[in-house]
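On a predicted model such as this, the values are computed, not experimentally measured, just so you know. In what follows, every chain begins at residue 1, and chains take the letters A, B, ... in the order their sequences are listed.
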Number of protein chains: 2
Amino acid sequence: MKKVLIADDEQDILDILQFNLEAEGYIVETASNGVVAIEKAKTFLPDLIILDVMMPGKTGIEVCGILRMLPAFKTTLIIFLTAMSDDTAEVRGLEIGADDYLKKPIRPKVLLSKVNALFRRVTKEMDNNINLGDLTINRENFSVRFKNEEINLARKEFELLSLLASKPSKVFLRNEILNQIWGTDVIVGDRTIDVHIRKIRQKLDLDCIKTVKGVGYKFEL
Amino acid sequence: MKKVLIADDEQDILDILQFNLEAEGYIVETASNGVVAIEKAKTFLPDLIILDVMMPGKTGIEVCGILRMLPAFKTTLIIFLTAMSDDTAEVRGLEIGADDYLKKPIRPKVLLSKVNALFRRVTKEMDNNINLGDLTINRENFSVRFKNEEINLARKEFELLSLLASKPSKVFLRNEILNQIWGTDVIVGDRTIDVHIRKIRQKLDLDCIKTVKGVGYKFEL
DNA sequence: AATTGCATTAACAATTTGATAATACCTTTA
DNA sequence: TAAAGGTATTATCAAATTGTTAATGCAATT
């Protein structure tokens, strides 16, 4: 469950944001100015911070700059809230290390879609590589290493291994595999999967892809 | 977390600066004269040194001169504190290698904005060029050096290399590359990327751009 | 006006990949 | 044990993808 810290000097805005985010299942804390925001951030350790740019005392941009200097907030998501149509603020914010920005007046729908999108992006990135024993699959690098040896797989081979390894021990039906990798509208022959499986087995000379006769394949070390 | 050393002979000033900087999240040490400042600098290794110009014993300018001769302080940020309205000190300070100066009386806000700005500048510069083995890419100068040889890349070539090198090992999909470098609304032919890649490979005769067939390209040493 | 350099495209070569068919193999079952 | 149903293997060919070179058009520079 994700934590969100909101900093704004207008109580109305805090209320609107808090209500909508909590309805979506987020845990929300609020701060009414920049200094409080920094303090709360340190204890609350949110996954996302929404910062109003214009606040008395410290501006959101300043708060962002300060937080970004702390190692604990290097990767924390930050969204700026700005009333300015001025692009300068926007650019400066992103330069300083904001992940997105929102223009006032706030549309709850837009807010939620941005927030959700950011979290999706992050979890996706985190989910991006698989580590099983001596085998490492990195979806970002399209690389497979086995005992520190780089193994070169073709695209389909990589996708296939990647799919099977994404849920070790789960048996993937042939149909499931076809849908995931070839898509629903492509039709390929029966032996196609076998051939790819064979190539993978050949390249990794590790017996990790098991055949479940009459059913499908599964990955197991 | 950044470290700041303050040297001034007036305790009041030390207190004010320390309080404000610590509130901002900096780690602060103080010194009440030039000699102590030099000693503490050597052990504390601050990222920033704030030096009062007028101190008994050694002036801030002298301290700065001494420190700048030591390799450990070649790139340390230095700010002068001066009560003089006289421009001469200011100029001399910058000549000797100060990064900024502050006039007394000190306004905490001004101080903090200057300090933050300096650190921003530095981190930005660090972010701005890429250093990988014998290869250096400087986004500010649009220059690429390989083994200290300046390599002349055209704009698109530079942007492409720069993009790929910004995340070594990450595979950039052709689409991703098009969006990043050409933008979403420009349509270019299929071979455009390849041709640029080829030119880069030719100019750097280093085999660092790898093709991942059916996927994209990645930078790897 | 001529030159230079760059971005793009076109055309073709080279390479890699994917799919299939044919055949061999294995396991289960009648 | 033979037949049936499924999978493995291999070679082969088609398709997709990328590499390479030269040519074109354009803009800045001389």
Side-chain angles (χ1 to χ4, degrees), chain A residues 139 141-144 150-164 171-220, chain B residues 141-144 150-164 170-220:
Chain A
R139 284 203 172 98
N141 304 346
F142 274 85
S143 72
V144 176
E150 184 87 17
I151 291 169
N152 209 308
L153 295 186
R155 188 186 167 162
K156 280 277 188 292
E157 291 157 22
F158 181 85
E159 284 174 357
L160 187 45
L161 176 64
S162 196
L163 175 67
L164 294 178
V171 178
F172 288 84
L173 313 180
R174 295 177 94 90
N175 252 327
E176 235 173 311
I177 295 174
L178 287 175
N179 282 315
Q180 291 282 326
I181 295 184
W182 277 266
T184 45
D185 41 49
V186 181
I187 297 169
V188 291
D190 267 352
R191 301 273 64 74
T192 303
I193 292 180
D194 311 24
V195 174
H196 286 299
I197 291 280
R198 151 124 185 82
K199 285 182 182 162
I200 296 171
R201 282 172 171 157
Q202 215 165 27
K203 288 184 180 179
L204 268 70
D205 63 354
L206 166 70
D207 187 31
C208 58
I209 296 181
K210 264 133 199 163
T211 304
V212 184
K213 267 194 94 158
V215 188
Y217 296 92
K218 69 173 164 179
F219 182 96
E220 227 165 25
Chain B
N141 308 337
F142 270 66
S143 70
V144 175
E150 185 85 17
I151 289 170
N152 210 308
L153 293 186
R155 178 176 244 85
K156 281 276 187 287
E157 290 157 22
F158 180 86
E159 284 174 0
L160 187 45
L161 176 63
S162 193
L163 175 66
L164 294 178
K170 172 185 157 62
V171 176
F172 289 83
L173 313 180
R174 295 176 92 88
N175 254 327
E176 234 172 310
I177 295 173
L178 287 175
N179 283 320
Q180 291 282 328
I181 296 186
W182 277 267
T184 45
D185 40 47
V186 181
I187 296 168
V188 291
D190 267 351
R191 302 271 64 73
T192 305
I193 292 180
D194 310 45
V195 174
H196 287 300
I197 291 280
R198 153 131 183 77
K199 285 181 182 161
I200 296 171
R201 283 174 171 158
Q202 216 163 26
K203 288 183 180 179
L204 271 67
D205 63 354
L206 167 71
D207 186 31
C208 58
I209 297 182
K210 264 137 199 160
T211 304
V212 183
K213 263 199 112 159
V215 188
Y217 294 92
K218 69 174 160 180
F219 182 96
E220 227 165 24

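For the pair B:K218 NZ and D:dT18 P, the interatomic distance rounds to 14 Å; values are reported in whole Å. With rounding to whole Å, A:K199 atom NZ is found 9 Å from C:dT17 atom P. The nearest whole Å value for the distance from the CZ atom in A:R155 to the C1' atom in D:dT17 is 11 Å. If you take NZ of B:K210 and P of C:dT16, they are 15 Å apart, rounded to a whole angstrom. If you measure from atom CG of A:D190 to atom C1' of D:dT7, you get 11 Å, rounded to the nearest angstrom. Note: CZ (A:R174) to P (D:dG5) measures 16 Å, nearest angstrom. Spacing between atom CD1 of A:I200 and atom C1' of D:dA8 amounts to 14 Å, rounded to whole angstrom units. One atom, CD1 of A:I209, and another, P of D:dT9, lie 12 Å apart when rounded to the nearest Å.
Comparing A:V212 and A:V195 against DNA chain D, the residue whose closest nucleotide sits nearer the 5' end is A:V212. Of the two residues contacting DNA chain C, namely A:L153 and B:H196, the nearest-nucleotide position lying further toward the 5' end is that of B:H196. Where B:I187 and A:I193 each meet DNA chain C at their nearest nucleotide, the meeting point lying more 5' is that of B:I187. Across the interface with DNA chain D, nearest-nucleotide mapping of A:R198 and A:K213 shows A:K213 to be the residue nearer the 5′ end.
Between B:E157 atom CD and B:I197 atom CD1 the span is 10.0 Å, to the nearest 0.5 Å. The distance from the CZ atom of A:R201 to the CG atom of A:L161 is 11.5 Å, given to the nearest 0.5 Å.
Using a 4.0 Å heavy-atom distance criterion, A:F158 is classed as making no nucleic acid contact.
No side-chain heavy atom of B:K218 sits less than 4.5 Å from a side-chain heavy atom of B:I209.
Between A:W182 and C:dG18 there is no side-chain polar atom (N or O) within less than 4.0 angstrom of OP1 or OP2. At D:dA8, one or more side-chain N or O atoms of A:Y217 fall inside 4.0 Å of OP1 or OP2 (strictly under the cut-off). OP1 or OP2 of D:dA8 sits under 4.0 Å from a side-chain N or O of A:T211.
Aromatic ring pairs are classed by plane angle as parallel below 30°, tilted from 30° to 60° and perpendicular above 60°; the pair B:F158 and B:F142 is parallel.
Between D:dT20, C:dG18, C:dA7, one nucleotide has an atom nearer to the side chain of B:D194 than all others, and that is D:dT20. When the nucleotides C:dT8, C:dT17, C:dT27 are ranked by their closest atom to the side chain of A:A154, C:dT17 comes out on top. The nucleotide whose nearest atom lies closest to any side-chain atom of A:R191 is, among C:dA7, C:dG18, D:dT7, D:dT7. Of the candidate nucleotides D:dG19, C:dG18, C:dT20, C:dT20 has the atom nearest to the side chain of A:T192.
A salt bridge links B:D194 with B:R174; the closest basic N to acidic carboxylate O contact falls under 4.0 Å.
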